[in-house]
Protein chains: 2
Amino acid sequence: MSKLTKKRQAILDILKASHDAMSAAEVHAAVSDIDLATVYRSLEYLTNEKLIRRLQLGTQEARYEFQTEPHHHAICTECDRVIHFTAPDEKIKELLGVKDFAVDELEVTVRGICNHDK
Amino acid sequence: MSKLTKKRQAILDILKASHDAMSAAEVHAAVSDIDLATVYRSLEYLTNEKLIRRLQLGTQEARYEFQTEPHHHAICTECDRVIHFTAPDEKIKELLGVKDFAVDELEVTVRGICNHDK
DNA sequence: TAATTAATGCGAATCATTTGCAATTGATTG
DNA sequence: CAATCAATTGCAAATGATTCGCATTAATTA
């Protein structure tokens with residue numbers, strides 16, 4: 001039986017406090033005395049428990065974020081900032097008209113340019 | 001000045017003929033006498049030329065597909081099959097209500113279960 | 001407390017991708 | 001056509017992200 005250990009809790013806290021999604025390396029840098037391999041194992045555990053979400057935002061490096069309500073992501077191709085936004089998933093599902101498919105998870109990723117200059 | 005060389009054309013042809021998006025390794029296996037590093041460089045070139053599209057469908061391995069009309073992807077979590085579908089992007093954009101963001105690319109990824117058994 | 005199970009650290013392995021560099025090809029110009 | 005310059009390729013090694021094996025430690029149960 002696996003458990004939410006102290007180290008796993010510490011990692012969860014880091015992600016909870018972070019406004020942005022973090023990479024495993026960033027989490028590792030933010031916590032102290034937790035081996036990188038353990039960070040990876042913990043992130044996997046927390047993802048399975050659905051306490052956090054793993055995101056693959058276009059790069060090969062995964063990012064993790066604390067799981068609140070489901071939401072989507074817009075990535076600025078100029079400044080790499082990630083913006084969150086919610087959407088009426090049901091309506092989107094209708095628009096998509098996916099047939100013969102039991103939708104489990106819907107993820108919208110937007111790429112473009114944010115107004116980071118102002 | 002870069003060009004669509006014979007090897008790049010061969011890789012493009014493979015992708016054009018493939019019904020599914022392919023990984024770099026799969027492309028490499030499908031062509032003969034093209035080094036893997038060249039495959040990667042070619043895929044990057046073709047992506048920049050917008051002749052193909054690079055997809056990051058949840059895994060850390062990128063997949064590439066021939067660029068036809070913009071469309072979206074549904075991934076079956078049981079059989080890993082990837083299904084394509086189109087959608088009225090403009091309407092989705094409206095639903096999203098992304099503000100202060102110049103949308104360049106809209107990608108919807110759906111995860112769930114397809115009816116692969118029948 | 002002994003015995004069992006799970007979690008962790010450490011180092012090495014693996015997988016995907018990129019890079020440096022020399023050899024090759026291709027295009028261009030004198 | 002030969003000489004030159006630029007872009008492409010192969011090969012091997014490097015890098016970055018992630019995973020794995022295994023011995024050690026911590027936690028839980030009998």
Side-chain angles (χ1 to χ4, degrees), chain A residues 1-15 18 20-66 73 75 77 80 82 109 111, chain B residues 1-15 18 20-65 73 75 77 80 82 107 109 111:
Chain A
M1 249 320 67
S2 41
K3 249 197 68 179
L4 185 57
T5 63
K6 227 170 279 185
K7 306 214 168 193
R8 288 174 180 171
Q9 180 68 60
I11 288 169
L12 182 59
D13 289 343
I14 294 284
L15 287 173
S18 169
D20 299 322
M22 299 172 80
S23 66
E26 284 167 351
V27 171
H28 179 240
V31 293
S32 43
D33 292 333
I34 303 186
D35 190 80
L36 183 57
T38 302
V39 169
Y40 273 106
R41 284 185 282 234
S42 301
L43 291 170
E44 196 196 354
Y45 166 83
L46 294 168
T47 303
N48 289 339
E49 297 297 314
K50 300 208 186 302
L51 297 172
I52 64 175
R53 265 216 295 174
R54 165 194 244 122
L55 309 174
Q56 203 87 37
L57 298 173
T59 59
Q60 71 179 108
E61 188 186 34
R63 314 202 127 251
Y64 302 83
E65 66 178 15
F66 183 69
H73 300 90
I75 303 124
T77 50
D80 284 327
V82 178
T109 308
R111 252 171 288 275
Chain B
M1 253 316 72
S2 39
K3 249 197 70 181
L4 185 57
T5 62
K6 227 169 279 183
K7 309 215 166 195
R8 289 172 179 172
Q9 180 68 60
I11 289 170
L12 183 60
D13 287 346
I14 294 283
L15 287 174
S18 168
D20 298 321
M22 299 172 80
S23 65
E26 285 167 351
V27 171
H28 179 241
V31 295
S32 42
D33 292 333
I34 303 186
D35 189 81
L36 182 57
T38 302
V39 168
Y40 273 105
R41 283 186 282 233
S42 301
L43 290 171
E44 195 196 354
Y45 166 84
L46 295 169
T47 303
N48 289 339
E49 296 298 312
K50 300 210 185 301
L51 297 172
I52 64 177
R53 264 217 294 176
R54 164 192 247 125
L55 309 174
Q56 202 87 37
L57 299 174
T59 61
Q60 71 180 112
E61 188 186 33
R63 315 200 125 251
Y64 303 82
E65 66 177 16
H73 299 90
I75 303 123
T77 50
D80 284 329
V82 177
E107 201 184 331
T109 308
R111 252 171 288 277

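Order of the sequence lines sets the chain letters (A, B, ...), proteins ahead of strands, with each chain counted from 1. Because the structure is a prediction, the values reported are computed rather than measured.
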Which residue, B/D33 or A/A24, contacts DNA chain D at a nucleotide closer to its 5' end, judged by nearest heavy atom?
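Here B/D33 is the residue nearer the 5' end.
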[X] has an atom [atom1]; how far is it from atom [atom2] of [N], in whole Å?
{"X": "A/Q56", "N": "C/dT17", "atom1": "CD", "atom2": "P", "result": "11 Å"}
{"X": "B/L43", "N": "C/dT18", "atom1": "CG", "atom2": "C1'", "result": "13 Å"}
{"X": "B/L4", "N": "C/dA27", "atom1": "CG", "atom2": "P", "result": "12 Å"}
{"X": "A/E44", "N": "C/dA6", "atom1": "CD", "atom2": "P", "result": "15 Å"}
{"X": "B/L46", "N": "D/dT9", "atom1": "CG", "atom2": "C1'", "result": "15 Å"}
{"X": "B/L36", "N": "C/dT19", "atom1": "CG", "atom2": "P", "result": "14 Å"}
{"X": "B/R8", "N": "C/dG26", "atom1": "CZ", "atom2": "P", "result": "13 Å"}
{"X": "B/K6", "N": "C/dG26", "atom1": "NZ", "atom2": "P", "result": "6 Å"}

The test is side-chain contact (heavy atoms from CB on, under 4.5 Å); show your working for A/E65 and A/M22 and say whether it passes.
CA-CA 6 Å; A/E65 66 178 15; A/M22 299 172 80; over 6 Å; no
Within the side chain of A/R63, is there an N or O that forms a donor-acceptor pair under 3.5 Å with the backbone of A/A21?
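Confirmed, A/R63 side chain pairs with A/A21 backbone.
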Between [options], which nucleotide gets closest to the side-chain atoms of [X]?
{"X": "B/E61", "options": "C/dT8, D/dT9, C/dT17", "answer": "C/dT17"}
{"X": "B/R41", "options": "D/dC20, C/dT19, C/dT8", "answer": "C/dT19"}
{"X": "A/K7", "options": "C/dG9, C/dA7, C/dT17", "answer": "C/dG9"}
{"X": "A/T5", "options": "D/dT9, C/dA16, C/dA7", "answer": "C/dA7"}

Looking at every strand, decide which applies to A/A62 at a 4.0 Å heavy-atom threshold: base, sugar-phosphate, or nothing.
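If one applies the 4.0 Å heavy-atom cut-off, A/A62 turns out to touch the sugar-phosphate alone, with no base involved.
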Looking across every strand, which nucleic acid part, if any, lies under 4.0 Å from B/I34 by heavy atom: base, sugar-phosphate, or nothing?
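B/I34: backbone/sugar contact only, no base atoms under 4.0 Å.
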Taking for each residue the nucleotide of DNA chain C bearing the nearest heavy atom, is the 5' side occupied by B/A37 or by A/D35?
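The 5'-side residue here is A/D35.
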If you apply the rule side-chain contact (heavy atoms from CB on, under 4.5 Å), what do you find for A/H73 with A/L57, and how did you get there?
CA-CA 8 Å; A/H73 300 90; A/L57 298 173; 4.1 Å; yes
Test: B/R8 cationic atom under 6.0 Å from B/Y45 six-membered ring centre, within 45° of axis:
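B/R8 over B/Y45 ring: yes.
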Just distance, no hydrogens or angles: give the donor-acceptor pairs under 3.5 Å from side chains in residues 35-44 of chain B, sequence neighbours left out.
residue, atom, partner, partner atom, Å
B/D35, OD2, B/A37, N, 2.9
B/S42, OG, B/T38, O, 2.7

Using only side-chain N and O atoms of A/Y40, determine if any of them is under 4.0 Å from OP1 or OP2 of D/dT18.
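Yes.
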Distance check: side-chain N/O of A/K3 vs OP1/OP2 of D/dT28, anything under 4.0 Å?
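Checking A/K3 against D/dT28: at least one side-chain N or O falls below 4.0 Å of OP1 or OP2.
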